[in-house]
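Remarks on the structure that follows.
Below, each value reflects all heavy atoms present in this structure, side chains not excepted, and no hydrogens, waters or symmetry copies.
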Amino acid sequence: MTMTSASIRRAFLDYFASKQHQVVASSSLIPGNDATLLFTNAGMVQFKDVFLGQDPRSYNRAVSAQRCVRAGGKHNDLENVGYTARHHTFFEMLGNFSFGDYFKQEAIGYAWEFLTEVVKLPKEKLWVTVYETDDEAYDIWLKQVGVPAERIIRIGDNKGAPYASDNFWAMGDTGPCGPCTEIFYDHGAHIWGGPPGSPEEDGDRYIEIWNIVFMQFNRHSDGRMEKLPKPSVDTGMGLERIAAILQHVHSNYEIDTFVALIKAAADATGATDLTDKSLRVVADHIRSCAFLIVDGVQPSNEGRGYVLRRIVRRAVRHGNKLGAKGAFFYQLVAALVAQMGEAYPELAAKQAVVEKVLKLEEEQFGKTLERGLVILEDALAGLTGSELPGELVFKLYDTYGFPVDLTNDVARERNLTIDQAGFDAAMAQQRKRAQQASNFGADYNATLTSSQQTAFTGYEQEFGNAVVVEILRDGQAVSSLSDGDQALVILDKTPFYAESGGQMGDTGNLTLANGAVFTVQDTIKLAKAFAHKGYVSGALTVGDKVDAQIDSARRAAIKQNHSATHLLHAALRKVLGEHVTQKGSLVGPDRLRFDFSHFEAVKAEELRTIEQLVNEQIQQNHPLQTRLMPIDQAKAAGAMALFGEKYDDEVRVLSMGEFSIELCGGTHVNRTGDIGLCKIVSESGIASGVRRIEAVSGAGAVAFVQQLEQQAQSVASALKGDIFSISERVQQTLERSKVLEKEIEQLKAKLASHAGASLLDQAQQIAGATVLVAQLPATDPKALRTMLDELKNKLSSGVILLATVNDDKISLIAGVTADLTAKVHAGQLVGWAAEQLGGKGGGRPDMAQAGGADVAALPKILNEAKANITAKLS
């Protein structure tokens, strides 16, 4: 009877439990207290401190089925997923562990017994490898287990460095490590490939199924191999790989778990060819995405969240390629729970949460995916050569939100490459772009509603009589308010404009005949009602008549900025192009903010032209005309709709001559001349393909210009000139500053040369070479280079390491004469020292620079560096 993945997992855990192993649950995919890893990528991660002797446990044998992800950082299999038989972003690692208990003999015996007696693999199908110098493991396989010598292969250091071998395992650059022995399964001569260590080892005939690591060392960042307190064992067998063998299939994607997920993916996307590689991608990615969300990762633009977002978007892209219509990816969570929910109850418990997160992310990305694919396909159709330009890749990413890895994915399918260097260069120019989402005070709108309907009278007047029809306090309807109470007051009619379309709500007063006053601090919409937010001085009751008076000066400033926003929108489209559309706005009494779609920063000369166009329309003093018409007719007339505004069948069309025609329910000036002046204050990027302009108008613009003039006069005074000669004076000052800086540098170089000459008195002769390691008083880092060059010129053979501290920052520089670089590498020397001091750096064999922060440790590290140099030269 063929074993399912679930039964294999259970058999493995049960077998080792019978051998007195503690069954330990899978740890989170987010490594606890381990900054060296992005994700849990192996079964031993949760036992790392146990191997180091820093985490004593009540048991010294353990077994687990560990969830693992390799899709970011050093261990990143993302690009291979779907294109090979055995690469995954998510996989399960079956492992047994010994913490100073049993070692090589027992570990090998357990593995052989499980494979040949529990799951009954043919012995003649199994091959093994050992580390080249591990005679003990070799003899156990040959003499005790009985594997023929021709099926035991020694693997040495074949990667150009000590311990750099497929059979010397390390979790990372540092940490627990040791020699290992691997077990391979021979699929048979009908599949191409040779045994491990042969020229054909990359073939698919011999597949590694189990790795047994003999943990003997802890590798430090300087390369030291420290023996662990107790020799231990760490093993790993990929569940997907052993399942493929036991289910008599060659690809992991043909095992029962993936067959079910691929079927679910096909049903969700409408795909009919179950061999399509895109189905493999989707089936793989639902596992990593779901379990990452279970473990608390949320899609974002940085760190683990960014990796999750990349995986989701890659899956959605492949679903789109398969023909998916609308959101589909989240639908696969149920199928995953059916396959793995029993083994991992946390997945079943959080199914609804996982589905919601995936659906929201998919819908967000779906808005950009289709457009990006169309643009990419057009670019591919007109491409000459085999490389996509970096600027195109960046434009897709920056303007349309199309991830570069998806562009790379599409290119790969067409046997194309992308200009990564060109993309990186373009990306660097906008890497610090701010990302900000709008927040319009949802604390009231999101929770309150009203069945009342308020008539707005504010277009014609800024005051008027009204009746209180509803009062809401703390979210509840009340009949009256007492002195000092805060509430929302709803009137039957009002001149107060409620926040909408980016325009801030009005403020002012509601005054009663008896002198009581309700101070309005803001006005918002509750469905068809206008709610006046504020507090009462006196008392207020439903049914009271009030005199409603807005803050006219504030309203006038808002009207100026709102009308200026319309002119700005029209000017942007005329200067930058018809692709510009509004993405958000904020119109207040002191300024205006306008967000719009555009693929690059607006150039200075473009901003000047835009500002000039706006002010020309102001000077032409166009009357503002409003008309009510059916929305279809308004759009046919060319009226622009405002971002975020909902429109009825009949809409209000606002025209400023022929320059600007928009749908708008806001308040505006009577003529464009009433705006007075519009001045652009800033232009910036706020998101991919979204720019922001901030500006002022009316009295605010005059105040801004006056402030600029005041600052210009202050600068002119300091430069002993007038504001019209500032540019000339500044240029003269800069040129003089450059001359002085050059003189200072020359003086510093001379001082460094003199100081360097005296340093040679501190040098030592070691093995015929001059060695100088010294800490200098606060010295300019640039002068260090001059000093190093001077010293090297005076030495026929030597090694120099200099350090200085400026503002609690350490600068290091190392130099090695050409005859000694084979023994002492300047880049490695300074890199090691910097790492010990909490910094980083490196460079060439003959010269290198670095920085550090641990000033207190500097003398100790310099002494250790001198000892290291001495050892290497000796």
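Asp256 is linked by a salt bridge (charged side-chain N to carboxylate O under 4.0 Å, His left out) to nothing, counting only residues two or more places apart in sequence or in another chain. Arg67 pairs by the salt bridge (charged side-chain N to carboxylate O under 4.0 Å, His left out) definition with Asp295, Glu346, not counting sequence neighbours. The side chain to side chain donor-acceptor pair (under 3.5 Å) check on Gln351 picks up Glu355, with sequence neighbours excluded. Qualifying side-chain contact (heavy atoms from CB on, under 4.5 Å) partners for Lys866, counting only residues two or more places apart in sequence or in other chains: Gln764, Val773, Thr870. Ser98 meets the side chain to side chain donor-acceptor pair (under 3.5 Å) test with no other residue; sequence neighbours excluded. Every residue two or more places apart in sequence or in another chain that forms a side chain to side chain donor-acceptor pair (under 3.5 Å) with His21 is listed here: Tyr102. Residues passing the side-chain contact (heavy atoms from CB on, under 4.5 Å) test with Ala260 are Gln339, sequence neighbours excluded. Under the side chain to side chain donor-acceptor pair (under 3.5 Å) criterion, Ser221 pairs with Glu835, not counting sequence neighbours. With sequence neighbours excluded, the residues that form a salt bridge (charged side-chain N to carboxylate O under 4.0 Å, His left out) with Glu136 are Lys104. Qualifying salt bridge (charged side-chain N to carboxylate O under 4.0 Å, His left out) partners for Lys19, counting only residues two or more places apart in sequence or in other chains: Glu113.
Atoms CG and CG, on Leu239 and Leu94 in that order, are 5.0 Å from each other to the nearest 0.5 Å. Atoms OG and CG, from Ser232 and Asn60 in turn, are 9.5 Å apart once rounded to the nearest 0.5 Å. Note that CG of Leu292 and CZ of Arg309 are 13.5 Å apart. Values are rounded to the nearest 0.5 Å. Here the straight-line distance linking atom CD1 of Ile286 with atom CD of Gln331 works out to 10.0 Å at 0.5 Å rounding. One finds the CG atom of Asp234 at 7.5 Å from the CG atom of Asn211 (value rounded to the nearest 0.5 Å). Taking CZ from Phe103 and CZ from Phe214, the interatomic distance works out to 6.5 Å, rounded to the nearest 0.5 Å.
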Could you go step by step and tell me if Val119 and Phe114 meet the side-chain contact (heavy atoms from CB on, under 4.5 Å) rule? CA-CA 6 Å; Val119 299; Phe114 178 79; 3.8 Å; yes
Please report the C-alpha distance between Ile209 and Leu126 in whole Å, then the side-chain angles of each, then the deciding distance to 0.1 Å, and finally whether the side-chain contact (heavy atoms from CB on, under 4.5 Å) criterion is met. CA-CA 10 Å; Ile209 55 176; Leu126 300 178; 4.3 Å; yes
Go through Val23 and Phe16 one step at a time and tell me if the side-chain contact (heavy atoms from CB on, under 4.5 Å) criterion holds. CA-CA 8 Å; Val23 179; Phe16 282 99; over 6 Å; no
Hey, mind stepping through Arg219 and Arg224 against side-chain contact (heavy atoms from CB on, under 4.5 Å) and telling me if it holds? CA-CA 6 Å; Arg219 178 154 51 191; Arg224 281 184 302 118; over 6 Å; no
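Of all heavy-atom pairs between Phe99 and Ala62, the closest is CE1-CB, 3.9 Å. The heavy-atom pair separating Ala268 from Leu332 by the smallest distance is CB-CD2, 4.0 Å. Listed here is the closest heavy atom pair of Val69 and Ser288: CG2-CB, 4.3 Å. The two residues Arg287 and Ala283 have their closest heavy-atom pair at CG-O, 3.7 Å.
Panel note: side chain Thr89, backbone Arg70; no donor-acceptor pair is recorded below 3.5 Å. No donor-acceptor distance shorter than 3.5 angstrom exists from the side chain of Glu361 to the backbone of Val357, with no hydrogens or angles considered. Checking side-chain atoms of Glu362 against main-chain N and O of Phe328 turns up a donor-acceptor pair under 3.5 Å. Listed for the Thr269 side chain is a donor-acceptor partner under 3.5 Å among the backbone atoms of Ala265. A donor-acceptor pair under 3.5 Å is absent between the side-chain atoms of Gln247 and the main chain of Thr2, judged by distance alone. The closest donor-acceptor contact from the side chain of Lys359 to the backbone of Tyr330 lies at 3.5 Å or more, if one exists at all. With hydrogens and angles disregarded, a donor-acceptor distance shorter than 3.5 Å links the side chain of Lys120 to the backbone of Glu117. Side-chain atoms of His220 do not come within 3.5 Å of backbone N or O of Gly223 as any donor-acceptor pair.
Looking only at side-chain heavy atoms (C-beta outward), Val130 and Pro179 stay at 4.5 Å or farther from each other. Within the 4.5 Å cutoff, no side-chain heavy atoms of Tyr206 are placed close to those of Glu200. For the pair Ile153/Val128, no side-chain contact is recorded, criterion being any heavy-atom separation below 4.5 Å from C-beta on. At least one side-chain heavy atom of Met215 sits under 4.5 Å from a side-chain heavy atom of Met44. Using a 4.5 Å cut-off on side-chain heavy atoms (C-beta onward), Gln216 and Met225 make no contact. Residues Arg241 and Glu208 meet the side-chain proximity criterion, which asks for heavy atoms closer than 4.5 Å. The shortest side-chain heavy-atom distance between Trp210 and Thr181 does not fall under the 4.5 Å cut-off. Residues Leu142 and Ile152 have side chains in contact (heavy-atom distance under 4.5 Å, counting atoms from C-beta outward).
Because its NZ or CZ atom is both nearer than 6.0 Å to the ring centre of Tyr138 and within 45° of the ring axis, Arg154 counts as a cation-pi partner of that residue.
Judged as a side-chain hydrogen bond (donor to acceptor under 3.5 Å, both in side chains), the pairs with a partner in residues 143-153 (not counting sequence neighbours) are, in order, Gln105-Gln144.
With respect to Val282, the side chain to side chain contact (heavy atoms under 4.5 Å, CB included) criterion is satisfied by exactly one of Lys277, His318, Arg314: His318. Of the candidates Asp166, Asn167, Asp134, Thr129 forms a side chain to side chain donor-acceptor pair (under 3.5 Å) with just one, namely Asn167. Under the ring pair (Phe, Tyr, Trp, His ring centres under 6.0 Å) test applied with Phe258, the options Phe91, Tyr253, Phe90 reduce to a single match, Tyr253.
More than 12 heavy atoms of other residues, nucleotides or ligands sit less than 6.0 Å from atom NZ of Lys125.
Gln46 and Gln66 share a side-chain donor-acceptor pair at under 3.5 Å. A donor atom on one side chain and an acceptor atom on the other are found under 3.5 Å apart for Tyr131 and Asp157. Checked by atom type, the side-chain pair His88/Glu240 shows no donor-acceptor distance below 3.5 Å.
Between Asp284 and Arg280 there is no salt bridge, since none of the side-chain N atoms of the basic residue sits less than 4.0 Å from a carboxylate O of the acidic one.
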Return a table of donor-acceptor pairs under 3.5 angstrom between the side chains of residues 183-194 and protein atoms on other chains or two or more places apart.
| residue | atom | partner | partner atom | Å |
| --- | --- | --- | --- | --- |
| Asp186 | OD1 | Gly188 | N | 2.8 |
| Asp186 | OD1 | Arg205 | NE | 2.7 |
| Asp186 | OD2 | Arg205 | NH2 | 3.1 |

